[in-house]
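Before any comments, here is the structure.
Atom set for the values below is all heavy atoms of this structure, side chains included, hydrogens, waters and symmetry mates excluded. As the structure is a prediction and not an experimental result, all values here were calculated from the model.
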Amino acid sequence: MCHTPIWWFQLPHGFKKYIDVVFTEGHKKGIYISDGRKTENPTRNYGTGGMLHSRKYMVTSSWNAPKEAFTLAGEFFKETSVDDGVLFGFHRMNAFTGMEQIPGIHFHDVEKNADIRTALKLYREHLTEIF
């Protein structure tokens with residue numbers, strides 16, 4: 001489980017750098033063996049060489065953007081969810097290692113309209129439902 005703020009529509013630099021170092025070092029050392037393809041059929045099975053099968057992960061994120069920026073027609077994120085948009089690459093990276101995604105929760109409008117009590121309540125409810 002991890003929580004990350006989103007900076008300029010991406011993971012923060014320090015978090016991304018950590019991932020780059022750890023995953024690079026993890027090649028053939030517990031994270032992934034290869035990209036999964038075989039010489040005899042190099043166009044198939046990309047992303048299946050992970051070594052973390054049976055493990056799960058959950059990501060939560062915090063945003064300045066309001067939830068409606070993702071859900072309403074004509075708004076900035078064009079009706080694309082956090083998980084299918086900005087965090088798509090993060091989820092595919094974890095799938096590459098063999099991990100399975102547990103649904104996360106995303107906190108919106110944390111700078112201009114933060115409601116900590118409600119956010120904590122929703123987070124506790126989410127964790128209770130998932131676990």
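- Linking ILVMFWY side-chain heavy atoms closer than 4.5 Å, directly or via other members, places M99 and M58 in two distinct hydrophobic clusters.
- For F77 and W63, the gap between ring centers is short of 6.0 Å.
- Contact annotation: the side chain of P103 approaches that of I130 to within less than 4.5 Å [non-hydrogen atoms, C-beta and beyond].
- Going from atom CZ of R44 over to atom NZ of K38 covers 15.0 Å, rounded to the nearest 0.5 Å.
- Atom CG of D20 sits about 12.0 Å away from atom CD of E25, to the nearest 0.5 Å.
- Closest approach of S62 and P5 over heavy atoms only: OG-CA, 3.4 Å.
- Expressed to the nearest 0.5 Å, how far CG of D115 lies from NZ of K121 amounts to 10.5 Å.
- A ring-centre distance under 6.0 Å is found for H91 and Y57.
- When side chains are defined from C-beta on, E75 does not count as touching F70, because their heavy atoms never get closer than 4.5 Å.
- Between F23 and F96, the ring center distance fails the sub-6.0 Å criterion.
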- prompt: What do the steps show when you test I19 against M93 for side-chain contact (heavy atoms from CB on, under 4.5 Å), and what is the final call?
  reply: CA-CA 10 Å; I19 289 168; M93 172 196 72; 3.2 Å; yes
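- Annotation: the span from K56 atom NZ to Q101 atom CD amounts to 11.5 Å, rounded to 0.5 Å.
- Looking at D83 and H106, their side chains do bring a donor and an acceptor atom within 3.5 Å of each other.
- A pairwise comparison of heavy atoms in G36 and T48 identifies CA-OG1, 3.4 Å as the closest pair.
- Note that OG1 of T24 and NZ of K29 are 10.0 Å apart. Values are rounded to the nearest 0.5 Å.
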message: Evaluate H3 against S61 for side-chain hydrogen bond (donor to acceptor under 3.5 Å, both in side chains), listing each step before the verdict.
response: CA-CA 5 Å; H3 178 84; S61 65; over 6 Å; no
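- For the pair N41 (side chain) and R37 (backbone), a donor-acceptor distance under 3.5 Å is absent.
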- prompt: Hey, mind stepping through V110 and N64 against side-chain contact (heavy atoms from CB on, under 4.5 Å) and telling me if it holds?
  reply: CA-CA 5 Å; V110 299; N64 177 50; 5.6 Å; no
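- Annotation: side chain of M51 is in contact with side chain of I33 (closest heavy-atom distance under 4.5 Å).
- In the hydrophobic clustering of this structure, F88 does not group with F90; members are Ile, Leu, Val, Met, Phe, Trp, Tyr whose side-chain heavy atoms approach within less than 4.5 Å, directly or through other members.
- Cluster annotation: F107 and W7 are assigned to distinct hydrophobic clusters (Ile/Leu/Val/Met/Phe/Trp/Tyr, side-chain heavy-atom contacts under 4.5 Å, transitive).
- Residues L52 and Y32 have side chains not in contact (no heavy-atom distance under 4.5 Å, counting atoms from C-beta outward).
- No single ILVMFWY cluster, assembled from side-chain heavy atoms under 4.5 Å apart, contains both I105 and L120.
- Considering L127, L122, T128 as possible partners of E125, the one that fulfils the side chain to side chain contact (heavy atoms under 4.5 Å, CB included) test is L122.
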- request: Start with the C-alpha gap between L87 and L11, add the side-chain angles, then the distance that decides, and say whether side-chain contact (heavy atoms from CB on, under 4.5 Å) holds.
  value: CA-CA 8 Å; L87 289 181; L11 299 176; 3.9 Å; yes
- request: Show your working on side-chain contact (heavy atoms from CB on, under 4.5 Å) between I31 and V22 and close with a plain yes or no.
  value: CA-CA 9 Å; I31 295 180; V22 169; 3.9 Å; yes
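- How far NE2 of H108 is from CD1 of I6: 10.0 Å, rounded to the nearest 0.5 Å.
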